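Working notes for the structure below.
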Amino acid sequence: MEQKRCMRAALALVLAGGLGISACASPAQSGDVGERFDAYMDDLFYEDIVLNTVNLHYTLAHPENYGITEYEVTLGDYSREKMEEGYEDLEEMKKELESYDREDLSADQQLTYDIFMDYADTELDVKDLTYYSEPLGPLGGVQSNLPVILAEYTFRTKQDIEDYLALAGQMDEYFADVIEFEKEKADAGLFMPDDTADDVLEQCTEFIADIENNYMIDVFNDKIDAFDGLSDEERQAYKDQNYLIVTTDVREAFQIVIDGLTELKGSGENELGLCYYEDGIRYYKYLIRTGVGTDASVSELIQRTKNYMDRCMDQMVDVITENPEIWYEIDDYAFPLTDPDEILADLTEKIKTDFPEPPDVGYEVKYVHPSMQEHMSPAFYLTTPIDDIDNNVIYINPEHLGEDSVQDLYTTLAHEGYPGHLYQNSCTNSSNLPLARNLLGCSGYTEGWATYVEFYSYGISGLDKNLTDVLRWNQAFTLGIYAYLDLQIHYNGWDRDDVKSYLNDYGIDDEEAADEIFETLRAEPAEYLNYFIGYLEFLDLRNNARKELGDAFSAKEFHRFLMETGPAPFYIIRQHMGTWIEEQKAA
């Protein structure tokens with residue numbers, strides 16, 4: 001029942017308090033409406049991207065080429081006051097957007113306009129629910145993500161090294177802000193359940209248990225040794241400085257979290273789903289809209305999930321009934337290819353039939369540093385900056401995908417590489433999207449796409465078709481279980497016993513595993529919907545396009561449209577797909 005999680009490091013954490021938009025820029029006063037709109041959106045990008053240095057670094061490899069030569073090195077500010085400022089900025093941004101007549105903009109500009117206006121409306125609608133956000137989630141919290149993001153901080157210049165050291169040295173101040181926010185959450189009756197706090201406490205305690213041998217030291221030293229242009233004295237000085245920061249400031253940061261959560265334990269008022277809070281259902285709907293990017297009601301999502309799971313089960317039963325030998329092959333199969341480079345080369349060639357040719361970019365398969373393997377996903381793609389799409393890296397975690405466990409490596413690399421995250425990132429970043437589009441993402445789009453193509457990859461893997469059909473439907477069914485339980489826990493109030501009863505219906509009677517699933521879904525509401533509902537949304541878009549175009553439908557052109565559109569809420573993509581369909585009919 002374990003569902004793998006794929007991390008995109010550059011998007012894994014919003015450091016400035018969850019809004020990430022500064023609307024202080026003034027629109028250009030001359031030129032036509034389109035020119036003024038483009039100028040305003042560019043100004044918005046430049047104002048926002050320097051608000052925290054991590055976002056700047058992961059978005060632009062060479063900020064100096066964009067005129068950014070001076071910036072404050074900062075992790076941002078996680079405080080209620082900063083969030084209130086962010087909402088004020090959003091109000092100003094919305095006012096500026098409303099000053100443009102949408103009908104005077106080009107189709108591409110209208111897409112950008114719609115995405116930003118929707119973002120402003122969605123965020124402002126829940127500005128009174130700030131304390132429902134959770135910066136310390138067991139899987140996606142700052143305590144687990146920030147050290148990894150800093151460890152993967154690319155050193156291209158000496159300035160990058162200096163920036164990294166400054167950022168690492170600010171972790172104690174940043175975590176102090178986070179704990180202050182947790183205290184305010186507790187005062188509002190919204191503190192996490194004790195068992196969730198225990199999970200976070202265990203993570204933090206483990207992280208600093210042997211701080212002198214922490215991975216932030218090991219990985220940094222390796223990167224300094226590999227950095228050209230440093231004298232031996234400089235290398236040692238940087239290593240000594242990082243060692244001191246990790247063993248003092250970073251250690252203190254985690255101790256602040258440990259002390260704070262220990263003090264706050266017992267103040268939580270709800271050990272079940274979001275629906276048991278006063279505005280919990282409203283917040284859950286917000287998470288679905290802003291994260292997954294769907295405007296479907298929760299009831300609709302529950303029914304869609306159930307229907308698709310039933311379809312998967314029926315298809316599996318039909319195939320296995322006609323081919324009973326497959327039942328014995330499911331747990332003992334092997335893809336023809338197991339070498340990562342050979343797999344990626346095979347995928348790159350085979351997807352040419354249904355996917356447009358991607359940009360000619362480089363990639364490298366690396367293995368997670370030994371000191372980080374325990375803390376990392378089985379595999380992940382490290383998103384490239386928009387001005388350095390040639391240097392792609394896919395990481396494989398030997399602890400999960402070693403020589404004795406490569407069964408799913410083919411489909412995993414399809415998810416992370418071609419035609420998954422790497423493909424999508426390089427195609428979209430080569431589509432000349434406005435700079436401001438990089439300020440906003442849509443997890444349902446990025447993870448839904450990677451799931452959509454992961455399932456596609458079963459069919460081109462070289463395995464028997466009947467076997468791959470069963471494997472694909474089984475994987476989709478498993479992911480559907482997580483999504484269905486997420487929806488039931490947070491919308492209909494299912495408790496642990498409800499989850500166990502549901503899993504028992506499918507022959508899953510491990511109570512410890514059921515408890516773990518319940519606690520994971522409760523702590524990370526709507527997270528698994530990004531994968532499953534995002535996948536279903538892509539299927540719906542494809543089915544709608546095929547219905548409208550009939551024999552004129554081309555999978556390759558459909559995928560080209562998606563890549564050139566870029567990450568956006570599905571209801572906005574669906575609206576703009578009408579124009580693309582008309583163009584296809586006329587072609």
Side-chain angles (χ1 to χ4, degrees), residues 3 114-115 118-119 121-123 125-126 129 132 272-277 279-315 442-452 455 473 475-495 498-499 502-503 505-506 517-518 521-522 524-548 558 562 565 567-578 581:
Q3 175 62 36
D114 291 344
I115 291 171
D118 178 76
Y119 176 78
D121 287 338
T122 302
E123 294 295 329
D125 188 54
V126 295
L129 303 184
Y132 278 80
L272 298 172
L274 284 173
C275 61
Y276 288 96
Y277 292 114
D279 290 304
I281 288 181
R282 184 171 149 226
Y283 184 71
Y284 188 54
K285 291 179 179 178
Y286 155 78
L287 290 178
I288 292 173
R289 184 178 180 92
T290 191
V292 183
T294 181
D295 59 354
S297 70
V298 180
S299 297
E300 287 175 321
L301 295 179
I302 290 173
Q303 192 60 51
R304 284 171 64 187
T305 299
K306 184 179 184 304
N307 290 346
Y308 194 78
M309 291 173 64
D310 289 346
R311 178 184 170 194
C312 289
M313 181 63 73
D314 290 343
Q315 304 251 35
C442 179
S443 295
Y445 178 100
T446 53
E447 295 302 347
W449 170 263
T451 304
Y452 167 79
F455 293 160
W473 290 324
Q475 178 70 359
F477 182 85
T478 301
L479 189 57
I481 287 178
Y482 280 80
Y484 187 79
L485 289 175
D486 189 297
L487 292 160
Q488 295 289 3
I489 289 169
H490 293 291
Y491 188 71
N492 286 326
W494 280 20
D495 59 17
D498 293 320
V499 170
Y502 177 78
L503 294 175
D505 289 342
Y506 293 107
I517 291 170
F518 173 81
L521 295 175
R522 182 194 57 192
E524 307 283 348
E527 174 65 23
Y528 282 90
L529 303 187
N530 293 326
Y531 296 80
F532 187 77
I533 300 301
Y535 162 65
L536 293 187
E537 288 284 352
F538 277 112
L539 290 184
D540 284 352
L541 289 173
R542 180 180 175 124
N543 289 337
N544 290 341
R546 186 186 294 276
K547 179 180 178 180
E548 289 290 330
F558 171 69
L562 293 173
T565 300
F570 291 103
Y571 47 87
I572 292 179
I573 295 176
R574 188 171 292 109
Q575 175 186 346
H576 285 262
M577 193 170 75
I581 288 175

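Keep in mind that this is a model prediction, so the values were computed, not measured.
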Can you name the side-chain contact (heavy atoms from CB on, under 4.5 Å) partners of Asp314, sequence neighbours left out?
none
For a quick test of reading the model, state the closest non-hydrogen atom pair linking Cys442 to Gly293 and the distance between them.
SG-CA, 3.9 Å
Heavy-atom distance under 4.5 Å between the side chains of Ile281 and Val298, does that happen here?
no
Is Val292 close to Tyr528 at the side-chain level, that is, under 4.5 Å between some pair of heavy atoms?
no
For Arg304, check side chain to side chain donor-acceptor pair (under 3.5 Å) against everything at least two apart and list the hits.
Glu537, Asp540
Write out all pairs satisfying salt bridge (charged side-chain N to carboxylate O under 4.0 Å, His left out) with one or both partners inside residues 292-303, taking only residues at least two apart or from two chains.
none
Please find the pair of heavy atoms, one from Tyr531 and one from Glu447, that lie closest to each other, and give the distance.
CE2-OE1, 3.3 Å
Pair Gln303-Asn307, side chain to side chain donor-acceptor pair (under 3.5 Å): steps then yes or no:
CA-CA 6 Å; Gln303 192 60 51; Asn307 290 346; 2.9 Å; yes
Check step by step if side chain to side chain contact (heavy atoms under 4.5 Å, CB included) holds for Asp118 and Arg289.
CA-CA 10 Å; Asp118 178 76; Arg289 184 178 180 92; 3.0 Å; yes
Who pairs with Asp310 by side-chain contact (heavy atoms from CB on, under 4.5 Å), at least two apart in sequence or on another chain?
Lys306
Please list, chain by chain and in numerical order, all residues satisfying side-chain contact (heavy atoms from CB on, under 4.5 Å) with Gln315, sequence neighbours excluded.
Arg311, Trp473
Only counting residues at least two apart or in another chain, list the ones meeting side-chain contact (heavy atoms from CB on, under 4.5 Å) with Ala476.
Tyr308, Cys312, Phe455
Roughly how far apart are Phe518 CZ and Leu503 CG, rounded to 0.5 Å?
12.0 Å
Find out whether Asn543 and Lys547 are in side-chain contact, i.e. whether some heavy atom of one side chain is under 4.5 Å from a heavy atom of the other.
no
Measure the spacing between CE of Met309 and OG1 of Thr478 and express it to the nearest 0.5 Å.
8.5 Å
Mind checking what makes salt bridge (charged side-chain N to carboxylate O under 4.0 Å, His left out) contact with Asp498, not counting sequence neighbours?
none
Measure the shortest side-chain to side-chain distance between Ile302 and Asn492 over non-hydrogen atoms and say whether it is less than 4.5 angstrom.
yes
Is it true that a side-chain atom of His490 and a backbone atom of Gly280 form a donor plus acceptor pair closer than 3.5 Å?
no
Residues passing the ring pair (Phe, Tyr, Trp, His ring centres under 6.0 Å) test with Tyr452, sequence neighbours excluded, are Trp449, Phe538, His559
Test ring pair (Phe, Tyr, Trp, His ring centres under 6.0 Å) applied to Phe477 - qualifying residues, sequence neighbours left out
Tyr506
Going by heavy atoms in the side chains, are Thr565 and Ile572 under 4.5 Å from each other?
no
Checking Asp279 now: which residues fulfil salt bridge (charged side-chain N to carboxylate O under 4.0 Å, His left out) with it, not counting sequence neighbours?
Arg282
Taken in chain and number order and not counting sequence neighbours, the residues that satisfy ring pair (Phe, Tyr, Trp, His ring centres under 6.0 Å) with Tyr276 are none
If you measure from OG1 on Thr451 to CG on Leu479, what distance do you get to the nearest 0.5 Å?
6.0 Å
Run Tyr286 and Asp125 through side chain to side chain contact (heavy atoms under 4.5 Å, CB included) and show every step you take.
CA-CA 9 Å; Tyr286 155 78; Asp125 188 54; over 6 Å; no
Under the criterion side chain to side chain contact (heavy atoms under 4.5 Å, CB included), I'd like the reasoning laid out for Tyr284 against Tyr277: C-alpha separation, chi angles, the key distance, then a yes or no.
CA-CA 11 Å; Tyr284 188 54; Tyr277 292 114; over 6 Å; no
Between the OG1 atom in Thr290 and the OH atom in Tyr119, the distance rounded to the nearest 0.5 Å is 6.5 Å
Check Pro567 against Ile115 and note the closest heavy-atom contact, atom names and distance.
O-CD1, 4.4 Å
So, do Ile573 and Tyr445 sit near enough that their side-chain heavy atoms are less than 4.5 Å apart?
yes
Heavy-atom nearest pair, Gly480 first then Thr305, reads O-CG2, 3.6 Å
Working for side chain to side chain contact (heavy atoms under 4.5 Å, CB included), residues Leu562 and Leu541:
CA-CA 10 Å; Leu562 293 173; Leu541 289 173; 4.1 Å; yes
So if I apply the side-chain contact (heavy atoms from CB on, under 4.5 Å) rule between Leu529 and each of Leu287, Leu536, Asp486, which one comes out positive?
Asp486
Check whether any side-chain heavy atom of Arg522 sits under 4.5 Å from a side-chain heavy atom of Trp494, and report yes or no.
no
Rounded to the nearest 0.5 Å, what separation is found between the CD1 atom of Ile489 and the SG atom of Cys275?
9.5 Å
Just to verify, what does Tyr491 make a ring pair (Phe, Tyr, Trp, His ring centres under 6.0 Å) with, not counting sequence neighbours?
none
How long is the straight-line distance from CG of Leu129 back to OH of Tyr283, given to the nearest 0.5 Å?
8.0 Å
